[in-house]
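Notes for the one structure printed next.
Below, chains carry the letters A, B, ... as their sequence lines are ordered, and counting in each starts from 1.
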There are 2 protein chains.
Amino acid sequence: MQRREFLGTLAAVPFVPGLVRGQPRGAPRVNGARLNAQLAQFDAIGRTASGINRVAYADADLAGRRFTLDLFRAAGLAPVVDAAGNIVARVEGSSPGRPPIIIGSHVDSVTDGGNYDGPVGSFGAIEVARTLREQNLRLRHPLEVVVWQNEEGGTIGSKLAIGALTDDGLDRRARSGFTLREGLARIGGDPSRLAGVVRPPGSIAGYFELHIEQGGVLEQRGRQVGVVEGIVGLRWLEVTVTGTANHAGATPMDQRQDAVLAAAKFTVAVNDLVRAEPGRQVATVGRVVPSPNTTNIIAGSVLLTVDLRDLDATKLARLTAAFERAGAEVGRATGTTFAFVRTVDSDPAPATPAMMAHVEAAASALGCTTLTMPSGAGHDAQELARIGPMGMIFIPSVGGVSHSPKEYSRPEDITRGADVLLHAVLGLDRIAGR
Amino acid sequence: MQRREFLGTLAAVPFVPGLVRGQPRGAPRVNGARLNAQLAQFDAIGRTASGINRVAYADADLAGRRFTLDLFRAAGLAPVVDAAGNIVARVEGSSPGRPPIIIGSHVDSVTDGGNYDGPVGSFGAIEVARTLREQNLRLRHPLEVVVWQNEEGGTIGSKLAIGALTDDGLDRRARSGFTLREGLARIGGDPSRLAGVVRPPGSIAGYFELHIEQGGVLEQRGRQVGVVEGIVGLRWLEVTVTGTANHAGATPMDQRQDAVLAAAKFTVAVNDLVRAEPGRQVATVGRVVPSPNTTNIIAGSVLLTVDLRDLDATKLARLTAAFERAGAEVGRATGTTFAFVRTVDSDPAPATPAMMAHVEAAASALGCTTLTMPSGAGHDAQELARIGPMGMIFIPSVGGVSHSPKEYSRPEDITRGADVLLHAVLGLDRIAGR
């Protein structure tokens, strides 16, 4: 089918400032009703009494992927499952030899999660490709729509796609109970051909991902679209507090080495330290497991975790050191000892300024209010950022709730986000490689 | 067999001050080597890799009771298992119509406990009766040696013996998995005849119990014998902290209702409050169960427990109210709510001054250093205190450790404790009812 290239007014944004003041007649728009209907249908897959359960490789994830493959086909795309288990559909561009623009997200969920974290960006990307096709808008660059596998288990599919995870890392167990290797086989991947799907640095024109914010900042600030300035780096600390288990009645207050009390003082210190300096850094003690965890026994030990995130790697290092010092101080004051293990240590992934500008321009052209903001959650985009330009589009999460059955984003926000994705792609296609 | 009444020097202590300066020739002593050998043998029953496991009604408890019954018989006593499942042996006194002096303790253990909490006082009491018999020392009062069933599950046997627990309270499940009713049947009790074994107020001359301290106060203060001034009252609070579960990365610090942070602040407040006033009151947060208890999710709720103990009931009430106020304050400061449920509420059980004097006198006559102290742990003695005079004798716990496989008391301390029990009984027998 003959397609016309979209080189009109919107493609020039922000280079044609007139557009910022209104929406040009004939500017392409996604079919928001269709997109939201697809999401509503998808809500039935993996739905349980306690939320959406499409954890990677479980039967419900496989069902979700079959539904998604059908959506690709309905959109006129020809999806393949590559060796890494990612669903990929490529639409060739009009100008030969250019690297692809990639758009996509994921469809797996956490345990007891919601229907928006992942599917909004995945179905939004498919809808963008479908809109381009239906409106005979042919890009100069190839467009690849990708649904990455197992994002919630640690951006596995996108890590495989950039070579950050290889065959020898596939034996750890995913939340479904299957190893990554077994999971890969279940979804149609092939561990023996992983090298063939690795995208080297410089091989993409850019990657855009539409996603729900998962926090409440957009809603609180009354903005429609988040222009993501980067994905925060992450430090996970596993902290073991060791005291002495003893009788809760027979041990005087001044003779205790109470691990629960020490863990409590440390938790308060972590919160104080992270709030003591300006910035958007966050730290969370989310897991606390005392032992023996019994009403009438002073805890002999506590295992707790700290989740620390920020866009600035030096701040992560400084706060980690401060937490370790705080543990040592609390230990001295309570007769306990603190041992720290760093279990996860991921670098911040800044968005590419030019990609942020495309998102900002697209949103402005569509009359959306925007907010430049970090992503506190991890995304496949953080992996793609290692090999090329990256930009992300956030839409509001009602009540700031995510990873919960109460996760919800409004249909109009979802449509708006997909439109911004469409126009960001058009903007990049117009500019990139010139 | 003809027995001589022991009305000699020791019986008059502290009324014959000369004795305090030395040990009278011929003053009766228990056979400490025999007592400690029995305890060493008993250590094999219910011993597992993680400690002594003779939880009430489990097979190991039954084995422990069989061993104990054999000890009674070897001591020349005629034990019966009464309807409440308690092992009771009675030796009639020389003076008709007197109420009995009771001595005893328990032989059941906590999960993963030690060999001293209970058996020291039980075997010590049997040894005292055996010594009296072997030395032809006949008391004026009847002497009853009792091993109370299921002390660790809430002083069940002694509660049944004073009528504080009746048939309709027997359906709750013990740690062994059996209900109290099933357990009672397993150990030879009879729920249909419980009323027949209830001892009314005023029906005993006095109850003495020898026990390990379970704390480290005697050791720390370098004293050999604790003269217990009472068993502390106990308040257990179950506290539910409710916040909002949310994404640990995407939720700014100032938009959180973090139940773990709130629980930590409350735990610190409980500790500060209990230490802010003079006295020996203790409070412990021993159990903390966040939900969902995951590294990267801000906890939506936390269940925690407070264990508060003191000899003074008004202090218990005042501190409980202070904890509830602290929870409300922390809740306001953190956007969470605190709900309190009082799950256990037992009154302090003061020892009888005359019984304390008998223990003190016996210890002094034997040349032991003493310390007057509360019992922070619960004991069968707290139940017996409801119906008559009560006194307890503590011996040191090495390192203050109890309810643990590391629980240990030295043989010489055990022997000393049994000797003090013997002479306290002799002192009471001499004085009571005159």
(request) For the pair Asn53(A) (side chain) and Gly51(A) (backbone), establish whether a donor and an acceptor sit closer than 3.5 Å, ignoring hydrogens and angles. (result) yes
(request) Pick one of side chain, backbone, both or neither for Gln214(B), based on which atoms fall under 4.5 Å of a heavy atom in chain A. (result) both
(request) Using atom types as modelled and distance alone, determine if a side-chain donor or acceptor of His379(B) lies under 3.5 Å from a backbone N or O of Ala381(B). (result) no
(message) Let's test your reading of the structure: which of Ala263(A), Ala245(A), Ala283(A) forms the most heavy-atom pairs below 4.5 Å with chain B?
(response) Ala283(A)
(request) Please flag which part of Ser375(B) lies under 4.5 Å from any non-hydrogen atom of chain A: side chain, backbone, both or neither. (result) neither
(request) With a 4.5 Å heavy-atom cut-off (strictly below), which parts of residues 301-310 of chain A touch chain B? List them by number. (result) Thr305(A), Asp307(A), Arg309(A)
(message) Can you classify the ring geometry of Phe338(B) versus Phe266(B) as parallel (below 30°), tilted (30 to 60°) or perpendicular (above 60°)?
(response) tilted
(message) Counting heavy-atom pairs under 4.5 Å with chain B, which one of Gly215(A), Ala250(A), Gly300(A), Pro290(A) comes out on top?
(response) Ala250(A)
(request) Flag the pair Glu229(B) and Arg280(B) as a salt bridge only when some basic side-chain nitrogen lies within less than 4.0 angstrom of an acidic carboxylate oxygen. (result) yes
(request) Would you indicate whether the side-chain heavy atoms of Glu407(B) and Asp117(B) approach each other to under 4.5 Å? (result) yes
(message) Distance check, rounded to the nearest 0.5 Å: Ile52(A) atom CD1 versus Ser404(A) atom OG?
(response) 11.0 Å
(request) Against chain A, label Gln281(B) side chain, backbone, both or neither, depending on which of its atoms sit under 4.5 Å from a heavy atom there. (result) backbone
(message) Quick check for you: among Gly400(A), Ala299(A), Gly378(A), which has the greatest number of heavy-atom pairs under 4.5 Å with chain B?
(response) Gly400(A)
(message) With chain B as the partner, which of Val217(A), Thr244(A), Asn296(A), Val401(A) has the greatest number of non-hydrogen pairs under 4.5 Å?
(response) Asn296(A)
(request) Side chain from CB out, backbone as N, CA, C, O: work out which of these in Val274(B) comes under 4.5 Å of a heavy atom of chain A, or both, or neither. (result) side chain
(message) Can you tell me how the ring of His403(A) sits relative to the ring of His247(B), calling it parallel under 30°, perpendicular over 60° and tilted otherwise?
(response) tilted
(message) Is any side-chain heavy atom of Thr267(B) closer than 4.5 Å to one of Val260(A)?
(response) yes
(message) Test your reading of the model: is there a side-chain donor-acceptor pair from Glu219(B) to the backbone of Gly399(B), 3.5 Å cut-off?
(response) yes
(message) Rounded to the nearest 0.5 Å, what separates atom CG in Leu234(A) from atom OG1 in Thr295(B)?
(response) 9.5 Å
(request) Could you check which of Val344(B), Val270(B), Asn271(B) has the highest count of heavy-atom pairs closer than 4.5 Å to chain A? (result) Asn271(B)
(message) Quick check on Arg235(B): does its CZ atom have over 12 non-hydrogen neighbours (other residues, nucleotides or ligands) under 6.0 Å away?
(response) yes
(request) Would you mind telling me which of Asn246(B), Thr251(B), Asp258(B) has the largest number of heavy-atom pairs within less than 4.5 Å of chain A? (result) Asn246(B)
(message) Just so I understand: if I count every heavy-atom pair under 4.5 Å between each of Thr294(A), Ile297(A), Asp254(A) and chain B, which residue has the most?
(response) Thr294(A)
(request) Would you please test Glu209(A) and Asp380(A) for side-chain contact (heavy atoms from CB on, under 4.5 Å) and show each step? (result) CA-CA 8 Å; Glu209(A) 182 167 351; Asp380(A) 293 305; 3.8 Å; yes
(message) Could you check whether atom CZ of Arg223(A) has more than 12 heavy atoms from other residues, nucleotides or ligands sitting under 6.0 Å from it?
(response) yes
(request) Count the heavy-atom pairs under 4.5 Å between each of Thr343(B), Val285(B), Val232(B) and chain A, then report the option with the highest count. (result) Val285(B)
(message) Counting heavy-atom pairs closer than 4.5 Å to chain B, which one of Lys406(A), Glu238(A), Glu213(A), Arg256(A) comes out on top?
(response) Arg256(A)
(message) Does any backbone or side-chain atom of Asp112(B) lie under 4.5 Å from a heavy atom of chain A? Answer side chain, backbone, both or neither.
(response) neither
(message) Are Phe394(A) and Met373(A) packed together at the side-chain level, in the sense that at least one heavy-atom pair is separated by less than 4.5 angstrom?
(response) yes
(request) Could you tell me which portion of Ala259(B) (side chain, backbone, both or neither) has an atom closer than 4.5 angstrom to a non-hydrogen atom of chain A? (result) neither
(message) So for Val268(A), is it side chain, backbone, both, or neither that comes closer than 4.5 Å to the heavy atoms of chain B?
(response) both
